[in-house]
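Computed from a prediction, not measured in an experiment: that's the story for all the values here. Sequence lines set the chain letters: A, B, ... in the order given, protein chains first and strands last, and positions in each chain run from 1.
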There are 2 protein chains.
Amino acid sequence: MPSPDVSPAAHLIAASGGRVTRTRIAVLEILQDSPRSLNHDDIAAQLAADGMPHDRVTLYRTLDWLVEQGLAHRVIGPDRARRFKAGGETRSQHAHFHCDRCGHVLCLESIRPEEQFTLPAGFEPDRAELVFHGTCADCGRQRGAKA
Amino acid sequence: MPSPDVSPAAHLIAASGGRVTRTRIAVLEILQDSPRSLNHDDIAAQLAADGMPHDRVTLYRTLDWLVEQGLAHRVIGPDRARRFKAGGETRSQHAHFHCDRCGHVLCLESIRPEEQFTLPAGFEPDRAELVFHGTCADCGRQRGAKA
DNA sequence: CGGCTAATGCTACAATGTTGCATTAGCCAA
DNA sequence: TTGGCTAATGCAACATTGTAGCATTAGCCG
């Protein structure tokens with residue numbers, strides 16, 4: 001019997017019916033530890049920093065799998081690169097904020113576009129993506145001293 | 001002296017201070033004639049159908065130039081490919097609708113996300129992107145007969 | 001018409017993501 | 001614990017979308 005000190009990430013992965021591998025655990029933990037969404041480079045760099053050798057393709061497939069299992073979700077950035085974040089929040093219709101200064105993408109859980117709009121007749125939306133661009137709270141605080 | 005039957009597209013291009021070339025006129029007219037946004041393939045196919053030989057890179061540069069001049073605007077699709085549409089509407093903050101059936105992207109001029117939301121303290125948005133996903137009016141009409 | 005140079009077209013390259021296949025390693029049962 | 005099945009990995013090659021450099025073509029203007 002395994003000791004109970006396996007990470008929550010490992011539990012989630014096991015509960016999804018997939019095999020619990022080093023890569024999946026490491027990637028999911030990286031996503032869970034980050035307050036913002038990460039792209040492939042971010043994650044690859046973190047894996048490297050953790051001394052985890054890995055393959056580019058495996059990372060793509062691992063992330064796809066996590067999204068498929070609802071353990072992570074994807075945001076498509078303005079640089080047309082995908083960013084990932086832990087939690088299967090895709091279907092909970094919250095907005096995102098992309099900061100033009102630091103480049104980070106943050107979730108705005110309180111804002112839900114679906115509830116706010118009435119579309120023209122005939123349109124049947126089943127989800128909505130709302131992304132704000134501008135200066136985030138962190139960068140805004142620094143601005144007084146800087147600009 | 002040129003006859004007055006030059007296209008409106010040619011006038012717009014001339015007014016922007018750039019040279020009036022076959023490619024620019026053709027691309028701008030294609031965008032103007034389309035009710036939906038087009039990606040590079042769409043435009044290249046249309047140019048080919050019009051018997052206009054052209055280069056892939058030139059098309060990219062032509063589109064960039066049109067956007068720069070405010071004669072067209074860009075939408076970034078979920079397939080992380082750029083789509084273009086005539087008119088410099090980028091800064092008028094309207095929403096878009098991506099149809100999951102036909103793949104087309106339409107503008108919803110009546111919906112302006114900026115006016116609807118209050119962000120958490122500290123966030124300073126200067127623009128917003130709102131994209132709905134679902135079934136568009138056209139595909140919805142066909143659905144009764146189909147599904 | 002002639003010349004200046006913006007625009008084009010070609011080739012090569014960059015970034016992001018995908019496919020195929022041989023090898024490794026999780027998981028389960030004996 | 002061990003052995004075997006097969007999911008997951010790692011590698012190489014490829015696909016798509018977009019850029020950069022540079023020689024050539026063709027708008028524009030005098």
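Residues A:Asp64 and B:Arg22 both approach DNA chain C. Their nearest nucleotides, taken by heavy-atom distance, put B:Arg22 toward the 5′ side. Judged by closest nucleotide on DNA chain D, B:Arg82 is the one of B:Val20 and B:Arg82 placed further toward the 5' end.
Straight-line distance from the CD atom of A:Gln69 to the C1' atom of D:dA8: 13 Å, rounded to whole Å. Here the C1' atom of nucleotide D:dT17 and the CG atom of B:Asp42 are 14 Å apart, to the nearest Å. A straight line from CZ of A:Arg24 to P of D:dA7 spans 11 Å, rounded to a whole angstrom. As rounded to whole Å, 14 Å separates atom C1' of C:dT8 from atom CG of B:Leu63. C:dT8 atom C1' lies 14 Å from atom CG of B:Leu47, rounded to whole Å. Between the C1' atom of C:dG26 and the CH2 atom of A:Trp65 lies a distance of 12 Å, rounded to the nearest Å. For A:His40 and C:dT18, the NE2 to P distance is 8 Å, given to the nearest whole Å.
Within residues 49-61 of chain B, the residues having any heavy atom under 4.0 Å from DNA chain D are, by residue number, B:Arg56, B:Val57, B:Tyr60, B:Arg61. Near DNA chain C, meaning a heavy atom under 4.0 Å away, the residues from residues 12-19 of chain B are B:Gly18, B:Arg19.
Partners of B:Gln32 according to the side-chain contact (heavy atoms from CB on, under 4.5 Å) rule, which considers only residues two or more places apart in sequence or in another chain, are B:Ala9, B:Leu12, B:Leu28, B:Glu29, B:Ala86.
Using a 4.5 Å heavy-atom cutoff, the side chains of B:Asp50 and B:Gln46 are in contact. The shortest side-chain heavy-atom distance between A:Phe84 and A:Leu66 does not fall under the 4.5 Å cut-off. Considering only heavy atoms from C-beta on, B:Ile13 comes within 4.5 Å of B:Trp65 through its side chain. The side-chain heavy atoms of B:Phe123 and A:Phe97, taken from C-beta on, include a pair separated by under 4.5 Å. Using a 4.5 Å cut-off on side-chain heavy atoms (C-beta onward), A:Leu63 and A:Leu31 make contact. Residues B:Asp64 and B:Val67 fail the side-chain proximity criterion, which asks for heavy atoms closer than 4.5 Å.
Residue B:Thr23 places at least one side-chain N or O closer than 4.0 Å to OP1 or OP2 of C:dT8. Listed pair A:Arg80 / D:dT17 fails the phosphate criterion, with no side-chain N or O lying under 4.0 Å from OP1 or OP2. Phosphate contact (OP1/OP2 of D:dT9, side-chain N/O of A:Thr21, threshold under 4.0 Å): present.
B:Lys85 contributes atom NZ, which lies 15.5 Å from atom CZ of B:Arg74 (distance to the nearest 0.5 angstrom).
In summary, of the residues considered (A:Cys136, A:Cys99, A:Ser37), a side chain to side chain contact (heavy atoms under 4.5 Å, CB included) with A:Val105 occurs for A:Ser37 alone.
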